[in-house]
Amino acid sequence: VVTYTTMLDCLYKNGNKEEGKDIISEMKSRGIQPNLVTYTTMVRGVCESGNMEEVEGILYEMKSRGLYPDLVLYTTMIRGLFQIGNTEEAERIFFEMKSRGIFPDVVTYTAMINGFLRSGNKEKATSIVCEMESNEVSPNLFTYNVLIHGLIHTGNMEKAKAIFCEMKRRGISPDVVTFNTMISGFLSFDLWEGAKEIVCEMSALGIQPSVVTFIVLTGKLIRKGRFSQVDQLLRFMMEKDESPD
RNA sequence: ACUAGGAUCCAUUCUC
């Protein structure tokens, strides 16, 4: 099972849905039954293509074999549902898991917050943050990244800065994703000074810029017609051995 | 500790 599940995971991650199906039928024909991990992998793969009926089918098959979703599968489903824009169903599943006595962890809460923020439900996102606090689940790096991203996209750069400070105060070190998000925020509000400062802070902390960092920077600079700076960035990127793909 | 599965950043296409 482990071998098959691992293969399936790789196939899905490379967008190879058809071969995934072959693997599933092959394992079944060899009398190897999928387990919870296999089903979760399947659900995640199927969610990418937004096919809810297929997900239903998987859940049905599980039930008929006496298997029920666990924490990880619920979280996977929640993410998938938000991805296809089915907020109500995501909420329903979140409720269902709790009523089954499965307690959401940081990952689940972060997925909920992210989903609500992206679907424009700021109040609901906030209430999840409260729920999380009252259940004594602490936000982690991912949670902060999601929050910062959401604040920037709702036009609240000041609040984003505040949260950025809060995370540091609470001993959570921002990573390259945090910085990319912050840089992108500053640039989209034309806050050049702020962008500069944050880039300095990033390098002072020894955090290496990623390909995304360069994409963010060049994208905004090009839009502003600052081609000489773009040129500098590209040279710098080559020196760092980053392929500008 | 890691040890098959879950959450976070980005551009180019199409439309305006």
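Order of the sequence lines sets the chain letters (A, B, ...), proteins ahead of strands, with each chain counted from 1. FYI, side chains are in, hydrogens and waters are out, and symmetry mates aren't considered; it's all heavy atoms of this structure.
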Using whole Å, what does the distance between atom [atom2] of nucleotide [N] and atom [atom1] of [X] come to?
X	N	atom1	atom2	answer
Met97(A)	rA7(B)	CE	C1'	12 Å
Asn180(A)	rU8(B)	CG	P	15 Å
Leu217(A)	rC9(B)	CG	C1'	12 Å
Phe214(A)	rC9(B)	CZ	P	20 Å
Leu8(A)	rG6(B)	CG	P	12 Å
Gln83(A)	rG6(B)	CD	P	13 Å
Met202(A)	rC9(B)	CE	P	17 Å

### Query
When the P atoms of rC2(B) and rG6(B) are considered, how many whole Å apart are they?
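The answer is 15 Å between these two P atoms.
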### Message
If I pick the P atom on rA7(B) and the same atom on rU3(B), what distance separates them, to the nearest angstrom?
### Response
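Comparing P positions in rU3(B) and rA7(B) gives a spacing of 15 Å.
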### Query
In residues 143-150 of chain A, what residues come within less than 4.0 Å of RNA chain B, judged by heavy atoms?
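The stretch gives Asn145(A), Val146(A), His149(A) as the residues lying under 4.0 Å from the strand, ordered by number.
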Any side-chain heavy atom of [X] within less than 4.5 Å of one from [Y]?
X	Y	answer
Leu81(A)	Arg92(A)	no
Tyr4(A)	Ile32(A)	yes
Met157(A)	Met182(A)	yes
Leu151(A)	Lys161(A)	no

### Query
If you measure from NZ on Lys196(A) to CD1 on Ile183(A), what distance do you get to the nearest 0.5 Å?
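That separation rounds to 14.0 Å.
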### Query
Would you call Arg100(A) and Glu96(A) a salt bridge, taking side-chain N to carboxylate O under 4.0 Å as the test?
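Looking at Arg100(A) and Glu96(A), the cut-off is not met.
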### Ion pair check, Glu166(A) and Lys159(A), cut-off under 4.0 Å
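Salt bridge flag = no for Lys159(A) with Glu166(A).
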### Message
Categorize Ile78(A) for me: base, sugar-phosphate, or nothing, with a 4.0 angstrom heavy-atom threshold over every strand shown.
### Response
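Ile78(A): no heavy atom of the nucleic acid under 4.0 Å.
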### Query
When all nucleic acid strands are considered with a 4.0 Å heavy-atom cut-off, which category describes Asp175(A): base, sugar-phosphate, or nothing?
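Since no nucleic acid heavy atom lies under 4.0 Å of Asp175(A), the category is nothing.
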### Exam field: side chain Asn121(A) to backbone Glu123(A), donor-acceptor pair closer than 3.5 Å
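Judged by distance alone, no pair lies under 3.5 Å.
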Run the side-chain donor-acceptor check on residues 197-205 of chain A: report pairs under 3.5 Å with partners two or more places apart or on a different chain.
unit_1: Glu201(A); atom_1: OE2; unit_2: Lys168(A); atom_2: NZ; d: 2.7
unit_1: Ser203(A); atom_1: OG; unit_2: Cys200(A); atom_2: O; d: 3.1

#### Entry: All side chain to side chain donor-acceptor pair (under 3.5 Å) counterparts of Asp70(A), not counting sequence neighbours
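None.
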### Nucleotide pairing, RNA chain B (Watson-Crick or G-U, distances under 3.5 Å), in dot-bracket with [ ] and |
................
### Query
Can you get from Val72(A) to Val1(A) by hopping between Ile, Leu, Val, Met, Phe, Trp and Tyr side chains that sit under 4.5 Å apart?
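Each belongs to a different hydrophobic cluster.
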### Query
If only side-chain N and O atoms of Arg79(A) are considered, is one of them under 4.0 Å from the OP1 or OP2 phosphate oxygen of rA7(B)?
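Indeed, a polar side-chain atom of Arg79(A) lies that close.
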### Query
What residues, two or more places apart in sequence or in another chain, satisfy ring pair (Phe, Tyr, Trp, His ring centres under 6.0 Å) together with Phe116(A)?
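Phe116(A): ring pair (Phe, Tyr, Trp, His ring centres under 6.0 Å) contacts with Phe82(A).
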I'd like a list of close polar pairs between nucleotides 3-5 of chain B and the protein, N/O only, cut-off under 3.5 Å.
unit_1: rA4(B); atom_1: N1; unit_2: Asn35(A); atom_2: OD1; d: 3.4
unit_1: rA4(B); atom_1: N1; unit_2: Asn35(A); atom_2: ND2; d: 3.0
unit_1: rG5(B); atom_1: N1; unit_2: Asp70(A); atom_2: OD2; d: 3.0
unit_1: rG5(B); atom_1: N2; unit_2: Thr40(A); atom_2: OG1; d: 2.4
unit_1: rG5(B); atom_1: N2; unit_2: Asp70(A); atom_2: OD1; d: 3.0
unit_1: rG5(B); atom_1: N2; unit_2: Asp70(A); atom_2: OD2; d: 3.4
unit_1: rG5(B); atom_1: N3; unit_2: Thr40(A); atom_2: OG1; d: 3.2

### Message
Quick check for you: among rC9(B), rG6(B), rA7(B), whose closest atom lies nearest to any side-chain atom of Thr108(A)?
### Response
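Between rC9(B), rG6(B), rA7(B), the one nearest the side chain of Thr108(A) would be rG6(B).
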